[in-house]
Number of protein chains: 2
Amino acid sequence: MLKYEAIARELREDIQQGKYTPGEQLALEKEMCQQYGVSRITIKRAVDELVKQGLVVKRRGSGTFVKSLKDEDVKELSMANQFSGFAATFKGRKVASKILKFEIIHPTAEVAAKLQLAVDDFVYDIIRVRLLDDQPIVVEYTQMPIQLITGLKRQTLEKSIYSYIEEDLGYKIQSAHRTVRAVMPTPEEREELQIEGVLPLLEVTQVAFLDDGRPFEYSIAHHRGDCSNFRSVSIR
Amino acid sequence: MLKYEAIARELREDIQQGKYTPGEQLALEKEMCQQYGVSRITIKRAVDELVKQGLVVKRRGSGTFVKSLKDEDVKELSMANQFSGFAATFKGRKVASKILKFEIIHPTAEVAAKLQLAVDDFVYDIIRVRLLDDQPIVVEYTQMPIQLITGLKRQTLEKSIYSYIEEDLGYKIQSAHRTVRAVMPTPEEREELQIEGVLPLLEVTQVAFLDDGRPFEYSIAHHRGDCSNFRSVSIR
DNA sequence: ATATAATAGATGTATATATGAGCAAGGAGG
DNA sequence: CCTCCTTGCTCATATATACATCTATTATAT
């Protein structure tokens with residue numbers, strides 16, 4: 001474990017456990033150096049991590065101060081700017097998948113461009129309903145190049161494609177580019193998500209990349225608006 | 001302008017102008033040191049900025065590589081993880097506001113908690129329709145503590161509250177915590193946003209903070225789903 | 001008493017340097 | 001010819017140091 005990560009986690013846990021009142025000043029960077037036995041730059045990286053997570057603010061010339069947050073917010077914020085697949089996001093809870101489609105097709109021109117492919121290349125075309133504690137909460141439309149994500153089996157789709165990519169294929173997943181919109185469900189989605197009445201869906205369109213920069217996934221996820229939501233922290 | 005920012009911008013412009021083919025390797029950090037006449041740590045900060053913006057990936061032992069992106073994506077990505085008010089977001093275009101409500105009330109318990117107030121404190125209660133090029137695209141429900149954001153006038157609401165806070169009150173805005181959901185418009189919203197037929201809205205709930213850590217705004221924005229959308233880059 | 005100026009203290013930026021870890025190419029040995 | 005290992009290159013992490021910039025307090029002058 002990296003030093004600055006360990007210190008950031010320790011500080012975060014202190015804040016989560018309410019050891020600071022809202023607005024209270026943290027120890028000075030110089031003091032933390034002694035406290036943790038590391039250099040000031042390492043302390044700075046740790047505290048900057050907390051800023052990125054939205055827990056504290058730094059004021060040049062004054063010090064670092066805990067934001068005025070409700071307790072429940074603090075836990076969720078640490079996760080806000082990370083990203084992982086469905087299975088990892090709800091790790092520890094009962095997750096399952098219902099496969100509606102699993103074929104190999106040619107991509108459209110738009111998808112081919114996003115995945116850096118030619119239109120006569122092939123991609124997996126997957127539609128899955130993801131269930132959390134037996135409740136359907138999202139329909140995922142996924143396309144992946146067959147050259148890159150080789151040997152995908154129906155069995156893998158039941159669980160987690162991401163862990164297949166990382167553990168079996170040995171790739172590393174680096175990042176995802178997302179856009180979010182609001183849409184209405186199709187009749188099929190209404191049925192699969194067991195929607196009664198009028199309920200909109202949150203559409204998350206995502207292109208995901210390996211750590212060598214190659215895009216490996218184009219996916220559109222339609223979330224039940226009343227179940228899941230997305231959080232983020234933005235810094236000026 | 002900071003050195004690492006200037007270098008990051010220069011590199012970003014090179015990428016935007018297509019000086020690199022998708023997947024192409026950037027100059028080595030050591031080479032950039034000579035090229036720009038700065039230390040390696042400064043180069044590293046600049047390149048890390050591009051990683052955060054989603055334009056490149058770094059591979060230890062190999063170098064830095066340009067992601068495979070469509071041209072149009074590159075421009076928008078630089079902005080993705082920033083945040084600004086409505087007026088600043090659409091700077092250069094015609095923006096206007098229609099004020100539906102401007103009152104002073106007691107906050108609910110939930111809002112009071114988020115804004116670190118007591119329920120017998122007072123907050124501004126503002127409802128505005130924001131127009132872009134004369135088209136209504138979002139309804140904003142905003143609450144701000146009157147102790148903090150003092151002297152707010154109807155005239156200010158027509159323009160930009162954020163620039164009033166920064167320029168007139170002299171505060172600095174630091175960050176915002178957001179959650180995003182999908183919702184259906186109310187009959188009023190249907191009218192104000194000139195919605196015909198069935199169209200869902202993107203709901204962005206936001207708590208915004210000053211640079212001293214105090215929350216100064218609780219707002220809920222309902223965006224026409226077909227006009228605006230939100231982008232973000234997530235790193236593992 | 002008020003306004004201004006000096007000063008101490010805190011974080012920000014940048015450099016130089018050392019060590020660690022992952023990657024790829026090239027050489028030794030079978 | 002193929003495999004394994006060494007080696008050098010590249011980025012990652014961490015330290016020490018210097019100077020810049022901003023804040024808040026203290027001291028001084030009016």
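A, B, ... follow the sequence lines: proteins, then strands. Residue 1 opens every chain. When reading the values below, keep in mind they use all heavy atoms of this one structure, side chains included, and skip hydrogens, waters and symmetry mates.
Using a 4.0 Å heavy-atom distance criterion, A:Lys44 is classed as a base contact. No engagement by B:Val47 is indicated, since no non-hydrogen atom pair under 4.0 Å with the nucleic acid exists.
Across B:Val51 and A:Gln174, no two heavy atoms sit closer than the pair CG1-NE2, 3.8 Å. Of all heavy-atom pairs spanning B:Phe102 and B:Leu152, the tightest one is CZ-O, 3.6 Å. Considering all non-hydrogen atoms of both residues, B:Leu148 and B:Leu169 come closest at O-CD1, 4.2 Å. Across all non-hydrogen atoms, the minimal contact from B:Ser39 to B:Cys33 is C-SG, 3.7 Å.
A cation-pi geometry, defined here as NZ or CZ lying under 6.0 Å from the six-membered ring centre and within 45° of its normal, does not hold between A:Lys3 and A:Tyr36.
Taking only side-chain nitrogens and oxygens, A:Lys3 comes nearer than 4.0 Å to OP1 or OP2 of D:dT15. In this structure, B:Lys30 reaches the D:dT10 phosphate: one of its side-chain N or O atoms is under 4.0 Å from OP1 or OP2.
Atom CZ of B:Arg45 is separated from atom C1' of D:dT13 by 15 Å (rounded to the nearest Å). Between B:Tyr36 atom OH and C:dT13 atom P the separation is 20 Å, expressed in whole Å. Going from atom CD of A:Glu5 over to atom C1' of D:dA14 covers 14 Å, rounded to whole Å. Remark: P of C:dT17 and CD of B:Glu29 are 17 Å apart, rounded to the nearest angstrom. Computed from coordinates, the A:Ile43 CD1 to D:dT13 C1' distance equals 14 Å when rounded to whole Å. The CG atom of A:Asp211 sits 11 Å away from the C1' atom of C:dG22 (whole-angstrom rounding). Per the geometry, CG belonging to A:Asp48 stands 14 Å off P belonging to D:dT13, to the nearest Å.
Contact check on B:Glu140 versus B:Arg130 returns a salt bridge, with a Lys/Arg side-chain nitrogen under 4.0 Å from an Asp/Glu carboxylate oxygen. In this structure, B:Lys58 pairs ionically with B:Glu29, as a charged nitrogen and a carboxylate oxygen lie closer than 4.0 Å.
Judged by closest nucleotide on DNA chain C, B:Thr42 is the one of B:Thr42 and A:Lys172 placed further toward the 5' end. Both A:Leu2 and A:Ile41 sit near DNA chain D, but only A:Leu2 has its closest nucleotide nearer the 5' end.
Distance from the side chain of B:Leu28 is smallest for D:dC11 among the nucleotides D:dC11, C:dA10, C:dG12.
Residues of residues 56-67 of chain A having a heavy atom closer than 4.0 Å to DNA chain D, listed by number: A:Arg59, A:Arg60, A:Gly61, A:Ser62.
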Which letters describe nucleotides 2-7 of chain C, given B = protein heavy atom under 4.0 Å from base, S = only from sugar-phosphate, - = neither? ------
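The base of C:dA10 lies outside donor-acceptor range of the side chain of A:Arg40, with no N or O pair under 3.5 Å.
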As a quick check of understanding, evaluate salt bridge (Lys or Arg N to Asp or Glu O under 4.0 Å) for A:Glu5 and A:Arg12, giving each step before the final call. CA-CA 10 Å; A:Glu5 277 185 359; A:Arg12 186 172 63 242; over 6 Å; no
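Looking only at side-chain heavy atoms (C-beta outward), A:Arg128 and A:Val138 stay at 4.5 Å or farther from each other.
Sorted by first and then second residue, the pairs that involve residues 202-213 of chain A and meet side chain to side chain donor-acceptor pair (under 3.5 Å), not counting sequence neighbours, are A:Tyr162-A:Gln206, A:Arg178-A:Gln206, A:Arg181-A:Glu203, A:Glu203-A:His222, A:Gln206-A:Glu217, A:Asp212-A:Arg214.
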